[in-house]
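We number each residue from 1, following the sequence as shown.
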Amino acid sequence: SSLFSTPGSLIGILILSLFVFESCVGMYFPTIGTLRSKYFPDSHRSVVMNLFGIPLNAMVVTVFLSIEKLGVQGALGVSTTALALATACGLKLKGMIKKEKK
């Protein structure tokens, strides 16, 4: 509790958290761009990205319209479920790539 007792220490933690977040985002976008160029040919990339955007936008609108019923915990639960599904798909893709290389 003494860590948060002085205003300076809280600011320091917030700034450190900002730097960590910005580092993660700074690594994410170039990595995703590289993976897109590797796995999606230029002729299909825009179509594939737009098709991925449709369910994402539908999920965002659905959660936004039902936020009163879901509450914060429900909205975060939807987000957690979507991230878990994305992780499972990523692991499946990784397994398919390893299998293809053999």
Participant: When you group the ILVMFWY residues by side-chain heavy-atom contacts below 4.5 Å and let the links chain together, are Leu65 and Val60 in the same group?
Facilitator: no

Participant: Kindly indicate whether the side chain of Phe40, heavy atoms from C-beta on, has any atom under 4.5 Å from the side chain of Leu35.
Facilitator: no

Participant: Show every side chain to side chain donor-acceptor pair (under 3.5 Å) that has at least one partner inside residues 44-73, sequence neighbours left out.
Facilitator: Asp42-Arg45

Participant: First locate atom CD1 of Ile32, then atom CE of Met49, and finally report the distance between them rounded to the nearest 0.5 Å.
Facilitator: 8.0 Å

Participant: Can you find a heavy atom in the side chain of Phe52 that is under 4.5 Å from one in the side chain of Leu56?
Facilitator: no

Participant: Can you confirm whether Glu22 sits close enough to Leu18 that some side-chain heavy atom of one is under 4.5 Å from a side-chain heavy atom of the other?
Facilitator: yes

Participant: Going from CG on Leu16 to CZ on Phe21, what distance comes out if it is rounded to the nearest 0.5 angstrom?
Facilitator: 14.0 Å

Participant: Which value, rounded to the nearest 0.5 Å, describes the distance between Cys89 atom SG and Lys94 atom NZ?
Facilitator: 15.0 Å

Participant: When rounded to the nearest 0.5 angstrom, what is the spacing between OG1 in Thr81 and CG in Leu76?
Facilitator: 10.5 Å

Participant: What are the two closest non-hydrogen atoms of Leu70 and Ala75, and how far apart are they?
Facilitator: CB-N, 4.0 Å

Participant: Within this structure, what is the CG-CD distance for the pair Leu93 and Glu100, rounded to the nearest 0.5 Å?
Facilitator: 9.5 Å

